[in-house]
2 protein chains.
Amino acid sequence: MNALKVETEKKIIEAAKEVFVEKGLQGARMQEIADRAGINKALLHYYFRSKDKLFDAIFENIMSQMFAVVAENIRTDMSLPELLGAFVEFYNDFFQMNPFYPQFIFHEIWQNPDRLSEIMKSQQIAPAEIVEKIQQKVPAINNSDLTAEHMIANVLGMTLFPHIARPLFQRVFFNNDNDKYSRFLSERTDFLKELMTGALMGATSSEMNNKPDEDF
Amino acid sequence: MNALKVETEKKIIEAAKEVFVEKGLQGARMQEIADRAGINKALLHYYFRSKDKLFDAIFENIMSQMFAVVAENIRTDMSLPELLGAFVEFYNDFFQMNPFYPQFIFHEIWQNPDRLSEIMKSQQIAPAEIVEKIQQKVPAINNSDLTAEHMIANVLGMTLFPHIARPLFQRVFFNNDNDKYSRFLSERTDFLKELMTGALMGATSSEMNNKPDEDF
DNA sequence: GTTGTTTTTAACCATTTGGTTAATTTTTTC
DNA sequence: GAAAAAATTAACCAAATGGTTAAAAACAAC
């Protein structure tokens, strides 16, 4: 495998990433990928056999990139507010850099959830581990309506929504001004971090009433 | 236009709704729509001219159904917690009944945001109106980090996330148990309503410190 | 620099698919 | 109940598209 070959494969991956992420598996055209990579269409099959295989490679590539950071964060011993803050910060940066990813990933979640949960396993993402960590760091949660699952849904929901709804949300509330929306997103990182820190302040200091007022 | 014709059109719309909502515009096949409707494929074109036109009809149909309720809620004079509670309740019911809708809608948001914002206008959904209503009912918001836009993102995010992430979230945290997840969603309606009521309690009672502790 | 191997290309193929058409059946009109 | 209109169907068409192939070009080995 010479240097030229490596280069070609890289060009294909980059081009395929762009096209698949924007248009999805069904919407993507092999010809367009070849054109963007500046190579002959037959080369796509020479390197990756089929459209499906190429898509698999791209999808795994992207998800690994994402889950690597997630897995790393989980395994540190930050406090819960710090941990959640790190998540928020990472997702906001990551999706600001790759605006098409959220919709792309959710699309796959609906088309092929099994594969995604396989990839999670292979990337050492263990949901039970996360739930346990939360329950251990927020003992009050065990007597509360706020289960760990609700909490995760809250954090992910508040974090991801502005990204996945971006084209509409930006149009409707920000006059479709890209820069303005980018500032909103950056500002929101801090906003959410403070919000979560505040909300967890009471609950984490252990022996509390069994229904904290400040949930999220 | 006789009764038979109306019946056929209804059958087409129902079948097309199913297929488009599950597979998207690109993934849907005209033949499959015809088969599900139990009619000849040519009839699809006889009634709706083209795949795009048929899709438009379906999409508008669905969005109108949704926005009608939203518009109605906005125009009542409920308190803000009541109003937000009504939203949460509606979306949770609506998407529990139509689990494919969220992903379907977000897909369209990315493929054709302009059309969607047109439909919103035609359905009398005015975002400025919503923002004003919030600012007026939560005066403290004007001196706070929590802008109306953040608040809307929080409510929508927390509400929609469990629906749009359902296949993965259910698998990963609920052992892929459908009933269990449905209970989680129902329970979550109440959870979010209480959460929001609690969070707004302080802020709505007017003259407060300019940075409410209990945000969302 | 000839030979063998790998990479790249242009041309081609088979299938899928949205869409059309011309004929047939059903319904309406009078 | 005959004529006109509308609804329905089977057969067909053209374009798009994923994929293949055989030959050419680039490279490596000696």
Side-chain angles (χ1 to χ4, degrees), chain A residues 1-62 100 104 107-108 110-112 115, chain B residues 1-62 100 104 107-108 110-112 115:
Chain A
M1 191 148 85
N2 61 27
L4 205 67
K5 182 165 181 179
V6 174
E7 267 311 299
T8 305
E9 199 167 329
K10 265 190 197 162
K11 282 194 292 181
I12 293 178
I13 290 179
E14 280 317 300
K17 209 184 262 188
E18 283 178 30
V19 177
F20 278 135
V21 154
E22 269 183 51
K23 318 218 165 147
L25 173 58
Q26 309 255 21
R29 296 290 162 249
M30 294 297 266
Q31 190 59 60
E32 185 179 355
I33 295 174
D35 290 345
R36 284 213 210 183
I39 53 154
N40 187 284
K41 180 164 71 91
L43 272 188
L44 298 180
H45 293 94
Y46 180 73
Y47 280 87
F48 292 92
R49 296 189 60 94
S50 72
K51 190 186 187 184
D52 280 313
K53 292 257 170 52
L54 176 55
F55 182 85
D56 285 351
I58 298 300
F59 186 68
E60 179 131 11
N61 176 307
I62 289 177
F100 286 99
F104 173 72
H107 188 260
E108 262 315 282
W110 281 90
Q111 292 307 313
N112 210 338
R115 188 202 2 206
Chain B
M1 192 147 85
N2 61 26
L4 205 66
K5 180 165 183 180
V6 173
E7 268 312 300
T8 304
E9 199 168 327
K10 265 191 197 161
K11 281 195 291 182
I12 293 178
I13 289 178
E14 280 317 302
K17 210 183 261 190
E18 282 178 29
V19 177
F20 278 135
V21 153
E22 268 184 51
K23 316 215 167 151
L25 173 57
Q26 308 256 19
R29 297 288 161 253
M30 295 296 266
Q31 190 58 61
E32 185 179 355
I33 295 173
D35 290 346
R36 285 213 210 182
I39 55 154
N40 186 282
K41 179 165 72 90
L43 273 188
L44 299 180
H45 293 94
Y46 181 74
Y47 280 87
F48 292 91
R49 297 190 57 95
S50 71
K51 190 186 188 187
D52 281 312
K53 292 259 172 49
L54 176 56
F55 182 84
D56 285 351
I58 298 300
F59 186 67
E60 178 130 11
N61 176 308
I62 289 177
F100 286 100
F104 173 71
H107 188 262
E108 262 316 281
W110 282 89
Q111 292 306 313
N112 211 338
R115 188 202 2 210

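Throughout, protein chains are lettered first and strands after them, A, B, ... in sequence-line order, and every chain is numbered starting at 1.
For dG19(D), its base sits under 3.5 Å from the side chain of Lys41(A) at one donor and acceptor pair at least.
In this structure, Asp35(A) atom CG and dA10(C) atom P are separated by 11 Å, rounded to whole Å. When the P atom of dA14(D) is taken as reference, atom CE of Met30(B) falls 20 Å away, rounded to whole Å. Between Leu43(A) atom CG and dA10(C) atom P the separation is 10 Å, expressed in whole Å. The distance between atom CG of Asn40(B) and atom C1' of dT24(C), rounded to the nearest whole Å, is 12 Å. The nearest whole Å value for the distance from the NE2 atom in His45(A) to the P atom in dT6(C) is 21 Å. Rounded to whole Å, atom P of dG19(C) lies 14 Å from atom CZ of Phe55(B). Between the C1' atom of dT17(D) and the CG atom of Leu54(A) lies a distance of 15 Å, rounded to the nearest Å. At whole-Å resolution of the value, CD in Glu9(A) and P in dT6(C) are 16 Å apart.
A close approach under 4.0 Å does not occur between any side-chain nitrogen or oxygen of Ser50(B) and OP1 or OP2 of dG18(C). Checking the phosphate oxygens (OP1, OP2) of dG18(D), a side-chain nitrogen or oxygen of Arg29(A) falls inside 4.0 Å. The phosphate of dT6(C) (OP1 or OP2) has no side-chain N or O of Tyr46(A) nearer than 4.0 angstrom.
Of the charged side-chain nitrogens involved, at least one lies within less than 4.0 Å of a carboxylate oxygen, so that Arg115(A) and Asp56(A) count as a salt-bridged pair.
Side-chain contact check for Leu54(B) versus Phe20(B): some heavy-atom pair is nearer than 4.5 Å.
Residue Ala34(B) is classed as having no contact, given no heavy-atom separation below 4.0 Å to the nucleic acid.
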Step-by-step ring pair (Phe, Tyr, Trp, His ring centres under 6.0 Å) determination, Phe48(B) to Phe55(B) = CA-CA 9 Å; Phe48(B) 292 91; Phe55(B) 182 84; over 10 Å; no

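Interatomic distance, Leu44(A) CG to Ile39(A) CD1, rounded to the nearest 0.5 Å: 4.5 Å. In this structure, Ile12(A) CD1 and Tyr46(A) OH are separated by 10.5 Å, a value rounded to the nearest 0.5 Å.
When each of Ala42(A) and Gln31(A) is assigned the nucleotide of DNA chain D bearing its nearest heavy atom, the one mapping closer to the 5' terminus is Gln31(A).
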